[in-house]
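Notes to accompany the following structure.
Naming convention: chains lettered A, B, ... in sequence-line order (proteins, then strands); numbering from 1 in each chain. This one's a predicted model, so the numbers in the text were calculated from it and none came from an experiment.
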Number of protein chains: 2
Amino acid sequence: MTTDVTDRTQRVDAQRNRAAIIDAALACLSANPRASMAEIARAAGVGRVTLYGHFSSRRELVEAASVQAIGRAEVQLAPLDLDGDPREALRLLVTTSWRLVDDFQGLIGAAEQELGADRVREHHDETMLRVRRLMERGQASGQFRSDQSADWLTACFFAILHGAATEIRLGRLGEDEADRLLPDTIQALVSVPA
Amino acid sequence: MTTDVTDRTQRVDAQRNRAAIIDAALACLSANPRASMAEIARAAGVGRVTLYGHFSSRRELVEAASVQAIGRAEVQLAPLDLDGDPREALRLLVTTSWRLVDDFQGLIGAAEQELGADRVREHHDETMLRVRRLMERGQASGQFRSDQSADWLTACFFAILHGAATEIRLGRLGEDEADRLLPDTIQALVSVPA
DNA sequence: CATAACCCAAACATGGTTGTTTGAGATAAG
DNA sequence: CTTATCTCAAACAACCATGTTTGGGTTATG
């Protein structure tokens, strides 16, 4: 789904503004899912009319910001080598993922509000699939518990990350602590019970 | 305007309406955290003006609904005997709690939006304390892991329940499955790692 | 039954958000 | 230099939510 970056009749300043708006939307909506279009425009250093020139509705902007967020996440996640020992791979995935969840939690809220939870899942799909595949592989190799479905383990994975991000946001948990706790907690989640 | 708390001259129909409004608020806000005052009034079978006669602001109503919700939760939770084997007690707590989280998830969202996360935690405090005390007891008896703080284990407890409620709401998880999976998952969370 | 308490619909004020229009001015690109 | 593209502020329209006021009707209660 590569968009035509070089639209023949689009000026570079327009492209730059468009990018600035998406970035601003990402930042604003992450901080506050209910940020208004005016706020986002101001944060982008652009007039409100200009914003509507690029995105004809709030929904469209949220959509674009979501795509951007997923893109950034993929940049971090794609290069990870998850083919080794499933336990090690999972720890690696956790330590990389939780910051992303922390960063984009607000945006996800805005997107759920604006696009519906289904559409969000659709975007989130590839990211979630990566986790689920790892869960399945760990189950197949007998290192992860198989008495619970990979779907459920995946849901728990995100639930814990989401919870940690919330705790951090409330100032009840430090980032360093999260870094230390999360891998062990997730490990416990998937381990074969005694 | 007049904030006569102990209005001994309050008519019974007024009391009944007040109760109906709180119930309606509980139901509406649980289903949709952004339900309007008009919606809630309609659901309560009452005029909008009457609603404002009882609660002078949305904030006040959400506050009252929160108190009501906590009350209902306590009715379910208080009689539980959590003094036996911590593992058994935790399973009992899980099977009773997850439905409550499922029921009130929306309301909690509305309350966080309206009263701020801190105030919600304040309400939620007793409920959370019950979990934390159990975690501490399990740690003290050596049956729960002690390499992670009781606070963290408590946060994870709610994160998992919250996640399960979300999965249910999205139709990706059945209530019966949740009943089967959750106790084992929480068990794994608190167990001493191998 | 008398009356204070209560309910309610309609209307109003206020403020915020989304989205659009206009018209004049700036600027990138050929 | 010329032009199509782009920006922008101001104003406008439409909508929705929160609260308030009014004035007439209903009902509990003593």
| In terms of side-chain heavy atoms, does B:His54 have a donor or acceptor partner in B:Glu60 at a distance below 3.5 Å? | no
| said: Students often get this wrong, so: under 4.0 angstrom with heavy atoms, is B:Arg11 touching a base, only sugar-phosphate, or nothing? | reply: base
| request: Would you name the heavy atoms of A:Ala178 and A:Leu173 that are closest together and state the gap between them? | output: CB-CD2, 4.0 Å
| query | Around A:Glu126, counting heavy atoms of other residues, nucleotides and ligands shown, do more than 12 lie under 6.0 Å from its CD? | reply | no
| field | Atom-pair distance (CD on A:Gln15; P on D:dC6), nearest Å | value | 9 Å
| Just checking, is any N or O donor in the side chain of A:Gln105 or A:Thr166 under 3.5 Å from an acceptor N or O on the other one? | yes
| message | With a 4.0 Å cutoff (strictly under), does any side-chain N or O of A:Asn17 reach OP1 or OP2 of D:dC6? | response | no
| Quick one: is D:dT7 close enough that its OP1 or OP2 comes under 4.0 Å of any side-chain N or O from A:His54? | yes
| task | Return the nearest nucleotide to the side chain of B:Val12; candidates are D:dT18, C:dC7, D:dT29. | result | D:dT29
| A:Gln10 CD to D:dT7 C1', straight-line distance once rounded to whole Å | 14 Å
| query | To the nearest Å, how far apart are A:Ile40 CD1 and C:dT17 P? | reply | 11 Å
| remark: Residue pair B:Arg18/B:Arg48 against DNA chain C: nearer the 5' end by closest nucleotide is B:Arg18
| task | Look at the side chain of A:Ser97 and the backbone N and O of A:Val94, then say whether any donor-acceptor pair between them is shorter than 3.5 Å. | result | no
| task | Measure the distance from CZ on B:Arg34 to C1' on D:dT18 and round it to the nearest whole Å. | result | 14 Å
| field | Nucleotide D:dC8, atom P - distance to CZ of A:Arg42 in whole Å | value | 14 Å
| said: Can you measure B:Arg58 atom CZ to D:dA17 atom P for me and round it to whole angstrom units? | reply: 10 Å
| query | Which whole-number value in Å describes the distance from B:Glu60 CD to D:dT18 P? | reply | 14 Å
| At what angle, to 10 degrees, do the two end axes of the helix from C:dC1-D:dG30 to C:dG30-D:dC1 meet, given five pairs define each axis? | 20°
| query | Quick one: on DNA chain D, does B:Ala38 or A:Thr50 contact a more 5' nucleotide (nearest heavy atom)? | reply | A:Thr50
| note | Per nearest nucleotide of DNA chain D, the residue lying toward the 5' end, B:Arg16 or B:Ser57, is B:Ser57
| request: Would you indicate what B:Val49 reaches in the nucleic acid, counting non-hydrogen atoms under 4.0 angstrom: base, sugar-phosphate, or nothing? | output: base
| remark: Residues passing the salt bridge (charged side-chain N to carboxylate O under 4.0 Å, His left out) test with B:Arg99, sequence neighbours excluded, are B:Glu175, B:Asp179
| Sub-3.5 Å donor-acceptor pair from the side chain of B:Gln76 to the main-chain atoms of B:Thr96, do we have one? | no
| remark: Whole-Å distance, B:Asp13 CG to D:dT29 P, equals 7 Å
